[in-house]
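Chain naming here is simple, since letters A, B, ... match the order of the sequence lines and numbering starts at 1 in each.
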Protein chains: 2
Amino acid sequence: MTGEYVAPILTVDSVIFQITDGQLMVLLINRAAEPFKGSWALPGGYNAAGETTTEALSRVVKAKSGIEVAKLKLVEQLYTFDTVARDPRGHAVSVTYMGLGLNLEPKDSKTTQSPQFFPVKQLPELAYDHHNIISYAHDRLASKITYTNAVYALLPELFTLPQLQATYEAIFGRQLDKRNFRKKYLSFDLIKPTKQFVKLGAHRPAQLYEFNQKELTSLSRSFD
Amino acid sequence: MTGEYVAPILTVDSVIFQITDGQLMVLLINRAAEPFKGSWALPGGYNAAGETTTEALSRVVKAKSGIEVAKLKLVEQLYTFDTVARDPRGHAVSVTYMGLGLNLEPKDSKTTQSPQFFPVKQLPELAYDHHNIISYAHDRLASKITYTNAVYALLPELFTLPQLQATYEAIFGRQLDKRNFRKKYLSFDLIKPTKQFVKLGAHRPAQLYEFNQKELTSLSRSFD
DNA sequence: ACAAAAGTGTTAAGAATACACCCATGT
DNA sequence: ACATGGGTGTATTCTTAACACTTTTGT
């Protein structure tokens, strides 16, 4: 079997999220080539032989958006889709990743393709089944932040509880009760208060907190 | 880029679980070829061009164990690993799937490789990183059965509550309280009693239940 | 003094846990 | 009659949910 084996095309696609102005945003590029030339799409591209999927991810995201994957605070594999190929050779397999970061600035250049962050709530028409992939990623994110400290990857080192709550609200797409949110979140012992406060306007200053751990940590879910 | 593109080797690997004698069992084959010739391993093999990953899965599992993937009651993609190749050509990418079934009978033949079910608690030495893959699959299964009806795929159409509970216990690896288990599980409204009973020995007969739905259904998890 | 967001506690309802005896059957 | 596993209920603790006022600041 080894002799005549021909592998399918392998691609990687990335769903990169950040929070801007209290909104969950996702990175899209404008396709420069057929198919779907001119449509918005997730940054993605070929995975070559000899390259791991995360290596391909870094290369492709950098080339298409100017963003360094190494600067993302969390990268997680999502799902592998059997899909149509980017080129006419037919069937392809795409490994998708979710990345979370903060203050990411896509840079346009000769090789990039008008990379921009769009609010997840108001996406343009997208190429391929990229709507589905974004919605899969969004679900995974919403789920992940309920049983891990993954939000750390969307926040600065020091943040306030209203900021934390707003991040949860942006992801869940609904309002949470302030007192219950604080009580519950603090009970997880994932974050600790600092002695610093921020004054952000004509109102009481907010206390700054930080995460105890800046790597992914899971809480337990129980059954019995 | 399209011209000189060479794809990495793509493989599929399967973690097929079933319950036998109250134990969680996983299907392994004995590798007939190098590398790891003579070691136990998960059934897996090449994914050729023009073949979807689930098509490759069916073909490979059938060839190596005689088991029809179509007869599994639930198949779910797990994760895609960057891994060493099965042959000397270097880097490969492996898409792994979990399958759940009942009364599966691996058949040995010329093309198969001594396929057998082993208790997950007493595995032999395994090739590659297959221990990790099994443990990843086991975790996913344990998690999945806490928020979905996925156990249906490990049980017959009609089953008793003690059977259902034993299945949960086999997967969690710990005992559950009988009264609490029943109360909680029945509150999910996933199953309904039938009018039938089974007599299994010198004791009171057990009532048979059935699932309302035999497709994967999720319960909700809450945050606020 | 007023507007604006930060911060704080209590009560009620629901979920999870711990726990022990009776029931129906075969031998 | 006894051994075996099936079946059932209650009290307690913990978790979740609903809800409104005071604090600190800038203007």
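Summarising the geometry, the separation between CG on A:Leu164 and P on C:dA6 is reported as 12 Å, rounded to the nearest angstrom. In this entry the distance linking NZ of A:Lys199 with C1' of C:dA5 reads 15 Å, nearest Å. Distance A:Phe188 CZ to D:dT15 P: 11 Å, rounded to the nearest Å. For B:Leu161 and D:dT8, the CG to C1' distance is 12 Å, given to the nearest whole Å. Rounded to whole angstrom, the span from the CG atom of A:Asn180 across to the C1' atom of C:dG14 amounts to 14 Å. Atom OH of A:Tyr185 is separated from atom P of D:dT16 by 14 Å (rounded to the nearest Å). To the nearest angstrom, C1' of D:dT15 lies 15 Å from CG of A:Asp177. Atom CD of B:Gln207 is separated from atom P of C:dC23 by 17 Å (rounded to the nearest Å).
Here D:dG6 is the nucleotide among D:dG6, C:dA18, C:dT8 with the atom lying nearest to any side-chain atom of B:Arg182.
Looking at A:Ser94 and A:Thr83, their side chains never bring a donor and an acceptor atom within 3.5 Å of each other.
Counted within 6.0 Å of CD on A:Glu157, heavy atoms from surrounding residues, nucleotides or ligands total 12 or fewer; the atom is thus considered open. When the shell of 6.0 Å around NZ of B:Lys214 is examined, it contains more than 12 heavy atoms from other residues, nucleotides or ligands. When the shell of 6.0 Å around NZ of B:Lys37 is examined, it contains 12 or fewer heavy atoms from other residues, nucleotides or ligands.
Aromatic ring orientation, B:Tyr185 versus B:Phe211: perpendicular (interplanar angle above 60°, classes split at 30° and 60°).
Between A:Arg204 and C:dA4 there is no side-chain polar atom (N or O) within less than 4.0 angstrom of OP1 or OP2. An OP1 or OP2 oxygen of C:dA18 is reached within less than 4.0 angstrom by no side-chain nitrogen or oxygen of B:Arg179. Distances shown here put every side-chain N or O of B:Lys184 at or beyond 4.0 Å from the OP1 or OP2 atom of C:dA15.
Between A:Phe197 and A:His203, the residue anchored closer to the 5' end of DNA chain C is A:His203, taking for each the nucleotide with the nearest heavy atom. Mapping B:Lys183 and A:Ala202 onto DNA chain C by nearest heavy atom places A:Ala202 at the nucleotide closer to the 5' end.
Side-chain contact check for B:Phe117 versus B:Ile16: some heavy-atom pair is nearer than 4.5 Å.
In terms of heavy-atom proximity, A:Gln163 sits nearest to A:Leu158 at OE1-O, 4.4 Å.
Note on the helix from C:dA1-D:dT27 to C:dT27-D:dA1: terminal axis deviation equals 10°, with five pairs used at each end and the result rounded to 10°.
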